[in-house]
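Step one of this worksheet: look at the structure below.
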Amino acid sequence: MPRPFTPKVVTANRLLEGDAVWRTRDGDWSPDMAQAELIEDARTAELRLLEAAAEAHLVVGAYLADAARGETRPEPVHFREAFRTRGPSNYAHGKQTDMQEKT
Amino acid sequence: MYRFNDFDEAFLRDRVSRFRAQVERRIDGSLTEDEFKPLRLMNGLYLQLHAYMLRVAIPYGTLNSAQMRQLAHIAERWDKGYGHFTTRQNIQFNWPRLRDVPDMLDALADVGMHAIQTSGNTIRNVTADHFAGAAADEIADPRPVAELLRQWSTDHPQFQFLPRKFKIAVSGSRHDRAVTRAHDIGLEIVEKDGEIGYRVIVGGGLGRTPMIGKVLRDFLPQDDLLPYTEAVVSVWNLLGRRDNKYKSRIKITVHEHGIAEIARLVEEEFQQIRPGFAGLDRDFLSHIEHFFAAPALSEKSTAPNDAAYETDPVFRAWADTNLAAHRHPDHAIVTVSLKKHGGTPGDATAGQMRVLADLAERYGHDELRISHEQNVILPHVHKADLPAVHAALKAADLATANVGLVSDIIACPGMDYCSLATARSIPIAQQIATRFENLKVEHDVGLLKIKISGCINACGHHHVGHIGILGLDRAGVENYQVTLGGDHTETATIGERAGPGFSADEIIPAIERLVLGYLDLRESRDETFLQAYRRLGPAPFKALLYPEAKADAA
Ligand code: HEM
Ligand code: SF4
């Protein structure tokens with residue numbers, strides 16, 4: 001029996017800013033994981049990663065990260081990925097403030 | 001003042017302009033990331049979890065006020081207004097943007113600094129005691145010898161393709177503050193019958209397979225330093241394993257062949273090559289020594305210090321913990337703590353850097369040092385000036401009186417910044433410091449070294465902490481493993497694992513039980529945590545960490 005597929009998102013760091021970004025359904029890169037496309041099967045995951053690899057002028061080190069289907073949006077599974085959506089815990093730097101400034 | 005630089009101005013400018021072009025070519029797509037990555041790493045630029053990070057070298061941890069001011073300027077102009085001083089005696093900027101990095105490097109070159117990382121399997125930069133040239137217990141300043149070794153090994157044709165990187169540390173004092181026993185070669189300047197020589201220690205290192213270096217030669221005459229060091233490196237170059245990068249460091253070679261066999265082979269090689277060396281180049285060494293000459297210390301009354309010590313309890317508490325004995329009795333070595341309770345170990349704001357620069361210029365012969373314990377040092381301050389220095393530090397929120405105490409914690413960046421991390425380290429350090437500050441016991445507890453790493457690479461030196469904490473990922477949850485009894489000094493020891501790890505919630509209470517429990521175990525106020533551990537062995541300390549296990553066994 002095939003093992004159940006853990007849903008994935010494609011994520012990377014932006015080339016110019018270095019911040020964490022996620023690949024959206026439209027093939028853009030968003031600093032907000034809520035915008036990410038949640039990928040539910042292995043073949044699509046592979047394909048999306050290849051597409052991301054072709055965008056080396058925008059992002060660095062794209063990879064597939066496990067994600068969960070939240071109420072309305074993909075959510076991180078591992079704590080490392082959760083930290084990437086927020087920023088460091090010792091200062092209010094990174095997304096936890098940058099994102100608020102935008103909204 | 002000596003420019004402790006590997007590179008001259010023209011070379012630095014050339015490197016920056018080449019890197020500027022490389023950045024442009026990466027951005028316009030003519031360089032792939034695979035091509036660009038080694039180039040940016042060579043220039044000190046890493047990509048971390050949330051941003052790029054620029055790592056700037058501070059050779060021998062030594063800075064002048066102009067350089068410190070420039071670091072402040074860089075922090076403000078291109079980063080978020082602060083910098084992080086590390087156990088490797090360098091500074092890291094956590095938020096640069098790729099396009100700005102060439103400008104940052106140019107700003108560094110303006111003050112003779114750079115972010116060039118010696119990389120590859122070569123002899124890396126040589127490190128030395130941060131109290132060099134000032135400590136009362138010093139036999140000789142270790143920096144000239146460190147600099148001699150660095151210049152000798154740079155571009156040495158035989159040593160460009162070593163099995164792995166190779167690090168040397170030099171201590172010039174009876175007390176080892178350079179962690180010589182955790183380096184591939186550690187040299188201790190020693191004195192025998194009025195003659196200066198070196199104790200040679202090999203095979204130390206931390207990381208995945210921690211080892212304490214072993215004494216290879218108890219007394220090596222000064223003139224034999226270069227041929228003997230060359231013999232050590234040559235023997236390892238032949239024997240060192242190239243098949244497995246985890247087994248290639250000299251610590252594994254020494255472990256596999258035994259120190260006696262290595263000593264025999266080194267001696268053989270040494271006898272062969274020695275005639276080819278005309279003796280340690282004394283002219284060259286004294287030329288280097290000239291650049292490290294001691295500052296002209298002033299003579300004046302220490303009365304202001306004595307008065308403040310009598311009347312100001314805050315000053316007294318600070319003086320008792322943060323000062324070290326200077327070789328001149330009217331002077332002191334000031335350690336400025338970057339470990340304010342609840343703060344991030346090793347961080348300084350741009351404003352604080354400027355205050356430190358001003359103090360160095362006004363009261364400290366323009367010298368600043370960065371210690372591997374992530375503090376800043378004013379190595380030569382006249383005692384008469386201490387009250388003024390303390391007042392200025394207090395105004396800049398830099399007068400925390402905790403050097404060597406529970407809250408003077410070494411912590412690596414961990415998963416708040418580092419992409420290799422398996423758990424966070426900074427919040428653990430913050431919480432321990434805050435907890436003990438609230439308990440008001442740290443002066444009673446006395447000397448205690450807590451060191452925290454966020455993964456097995458051990459950048460936070462946890463193996464040699466009296467209490468070491470290693471952050472791991474256990475099934476997707478942060479977990480903290482405790483080691484006990486480590487020591488980074490001349491009596492270096494690798495700490496022993498105490499038992500199962502603790503969750504992020506459990507680790508702070510566990511450390512509290514351990515430290516408060518020690519207060520009941522010690523024989524007297526004078527017995528430090530480490531001494532009590534050595535006297536009693538691990539059992540009573542484990543019982544403090546794991547009270548339920550004890551209850552189960554009963
Ligand atoms: C955040 C970026 C960092 C990365 C990617 C990194 C990576 C590493 C790696 C891979 C090693 C093991 C090298 C080896 O043994 O071959 C190492 C060792 C080391 N790192 Fe870091 N590190 C980082 C930050 C730091 C910081 C901030 C410090 C100081 C606070 C530090 C201090 C050290 C030290 C002292 C060692 C040597 C341990 C030994 O003796 O084996 N590193 N680092
Ligand atoms: S010990 Fe690990 S987590 Fe900490 S800085 Fe080094 S590589 Fe990063």
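In what follows, every chain begins at residue 1, and chains take the letters A, B, ... in the order their sequences are listed.
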Exercise for the section: Under 4.5 Å heavy-atom distance to chain B, tell me which part of A:H78 shows up: side chain, backbone, both or neither. Expected result: side chain
Problem - Part of A:V59 lying under 4.5 Å from any heavy atom of chain B - result: backbone
Handout entry: Polar contact flag, side-chain donor to acceptor under 3.5 angstrom, B:D347-A:Y91
Key =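 Side chains of B:D347 and A:Y91: pair found under 3.5 Å.
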Problem - Side-chain donor-acceptor pair present, B:D28, A:H57, cut-off under 3.5 Å - result: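 Their side chains do not contain a donor-acceptor pair, so the 3.5 Å distance test is not met.
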Can you say whether [X] sits under 4.5 Å from chain A via the side chain, the backbone, both, or neither, judging by heavy atoms?
{"X": "B:Y82", "result": "side chain"}
{"X": "B:V477", "result": "backbone"}
{"X": "B:R424", "result": "side chain"}

Exercise for the section: Decide side chain to side chain donor-acceptor pair (under 3.5 Å) for A:N90 and B:Y417; before the verdict, give the C-alpha distance in whole Å, the side-chain angles of both, and the deciding distance to 0.1 Å. Expected result: CA-CA 10 Å; A:N90 60 331; B:Y417 298 91; 2.8 Å; yes
Problem - Residue pair B:R99, A:L16: steps toward the side chain to side chain contact (heavy atoms under 4.5 Å, CB included) verdict - result: CA-CA 7 Å; B:R99 273 195 203 284; A:L16 295 181; 4.2 Å; yes
Problem - Closest contact, heavy atoms only, B:Y52 versus A:V60 - result: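 Of all heavy-atom pairs spanning B:Y52 and A:V60, the closest is OH-CG2, 4.2 Å.
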Handout entry: chain A interface, residue from B:D416, B:T344, B:L98 that has the most non-hydrogen pairs under 4.5 Å
Key = B:D416
Practice task
Would you mind telling me which of A:H93, A:R80, A:E17 has the largest number of heavy-atom pairs within less than 4.5 Å of chain B?
Solution key: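 If we count pairs closer than 4.5 Å to chain B, A:H93 comes out on top.
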Problem - Those residues of residues 32-53 of chain A, ordered by number, that approach chain B below 4.5 Å (heavy atom to heavy atom) - result: none
